[in-house]
> 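Questions regarding the structure given below will be posed in turn.
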2 protein chains.
Amino acid sequence: MPRIRHKRLDCSPGCAVEATLELIDGKWKGVILFHLLQGTLRFNALRKLLPNATQRMLTMQLRELEEDGFIHREIYPQVPPKVEYSLTEHGRTLEPVILALKRWGDAHTSFGASGRQAEASAKHEAEAGTH
Amino acid sequence: MPRIRHKRLDCSPGCAVEATLELIDGKWKGVILFHLLQGTLRFNALRKLLPNATQRMLTMQLRELEEDGFIHREIYPQVPPKVEYSLTEHGRTLEPVILALKRWGDAHTSFGASGRQAEASAKHEAEAGTH
DNA sequence: CTGTATCCTTATAGATACTG
DNA sequence: CAGTATCTATAAGGATACAG
């Protein structure tokens, strides 16, 4: 088994928290999911949204998300190739989780609405319903 | 050991998601926070709640949470020693996040609270630890 | 009881080059 | 365009022993 991403978890109550965390853990999964929440994206589009992620990392994270059933990978047999990533229904169930993370980050970290990126984030805020 | 736990993040919108994720990332932080949400706990009590975490790991995770201002460490100068961990106000702001994670885990993984198991996502659990 | 100190293994991540 | 393939570096996590 090439991928043993799911570590052993003891199952005291609260284990569900860790189980969820494991699934969206990984350096870029959170951001990827967040962006896909707003619509289908091509590989290169994601690369632009995550300039610090290497191709390799992006691919790996996408594959893991795909394995976990969160995203769908649509391959168009064309030249040049075109691959689109979108959330599955299962992936959409993560929406409240992602939004909770986003809201907290906005409110309590420097990555929130206090900086230059505030404008770009604002539109997501609107549909999220700030509360 | 300089704490370089916070990796560089690019700041496309959605970075806030990752920023939050980084803070509660770590193998046991989620569970620790969840348990502390319900009240103050001593070191040994936490050990019992996280039987698979080693002392070392538990200590490390607690120290990181303390550094990030999420938990308070109250040391009673006694013999034998007694140390109590509790959430700070800042830590309590994470409550909606933790609860979102918990709820999702309950609904979509087999780690849900005792008595109710998710039906559809039992596929991942083959590897997740029979005990 | 509540930790530290070592030592070791595995996971994660990055750089770079190459390909259908 | 959308990936693989190597290779390497570092970080995370674990086992075990020891200590105030």
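Naming: A, B, ... by sequence-line order, numbering from 1 per chain. Atoms considered below: every heavy atom in the structure, side chains included; atoms not considered: hydrogens, waters and symmetry mates.
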> What's the CD1-C1' distance between B/I75 and C/dC1, to the nearest Å?
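It is 13 Å, rounded to the nearest whole Å.
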> Side chain of B/P81 only, heavy atoms from C-beta on: which candidate in C/dA13, C/dC1, D/dG13 is closest?
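So the nucleotide nearest the side chain must be C/dC1.
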> May I have the distance from B/Q78 (atom CD) to C/dG3 (atom C1'), rounded to whole angstrom?
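Taking CD of B/Q78 and C1' of C/dG3, I get 16 Å after rounding.
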> Would you classify A/Y76 as touching base, sugar-phosphate or nothing, given that sugar-phosphate means primed atoms plus P, OP1 and OP2, and contacts are heavy atoms under 4.0 Å?
nothing
> Check for a donor-acceptor pair, side chain of A/S86 on one end and backbone N or O of A/T40 on the other, with a separation under 3.5 Å.
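A pair under 3.5 Å: no.
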> Any idea which of C/dA13, C/dT2, D/dA2 is nearest the A/Q61 side chain?
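For the A/Q61 side chain, the nearest candidate turns out to be C/dA13.
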> Rounded to whole Å, please give me the gap between CG in B/L62 and C1' in C/dC1.
14 Å
> B/W28 side chain N/O closer than 4.0 Å to the phosphate oxygens (OP1, OP2) of D/dG14?
yes
> Has B/R63 got a side-chain N or O lying under 4.0 Å from the OP1 or OP2 atom of C/dG3?
yes
> What's the closest nucleotide to the side chain of B/V83 if the choices are D/dG3, C/dT2, C/dT4?
C/dT2
> Would you say A/R42 places a side-chain N or O within less than 4.0 Å of OP1 or OP2 belonging to D/dG3?
no
> Give the rounded distance in Å between these two atoms: CZ of B/R73 and C1' of C/dT2.
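Rounded to the whole Å, the gap is 8 Å.
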> Of B/K82, B/E84, B/R42, which meets side chain to side chain donor-acceptor pair (under 3.5 Å) against B/Y76?
B/E84
> I'd like to know whether CD of B/E89 has more than 12 heavy-atom contacts from other residues, nucleotides or ligands below 6.0 angstrom.
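Atom CD in B/E89 is not packed in, count stays at 12 or less.
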> Without decimals, in angstroms, what is the distance between B/E22 CD and C/dA13 C1'?
12 Å
> Just N and O in the side chain of A/Y85: are any of them under 4.0 Å from OP1 or OP2 of D/dC1?
no
> Would the base of C/dG3 count as contacting B/R56 through its side chain, where contact means a donor and an acceptor less than 3.5 Å apart?
no
> Report the distance from atom NZ of A/K29 to atom P of C/dT12, rounded to the nearest whole Å.
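Value for this atom pair: 9 Å.
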> Is there a side-chain contact between B/I24 and B/L101 in this structure, where contact means two heavy atoms from C-beta onward sitting under 4.5 Å apart?
yes
> If I take atom NE2 from residue B/H108 and atom CZ from residue B/R103, how far apart are they, to the nearest 0.5 angstrom?
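Separation between the atoms: 11.5 Å.
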> Of the options D/dC1, C/dG3, D/dG14, whose atoms approach the side-chain atoms of B/M57 most closely?
D/dG14
> What is the distance, rounded to the nearest whole Å, between atom NZ of B/K27 and atom C1' of D/dA15?
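Roughly 15 Å, once rounded to whole Å.
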> Separation of A/Q55 atom CD from C/dA13 atom P, in whole Å?
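Going from A/Q55 (CD) to C/dA13 (P), I get 17 Å.
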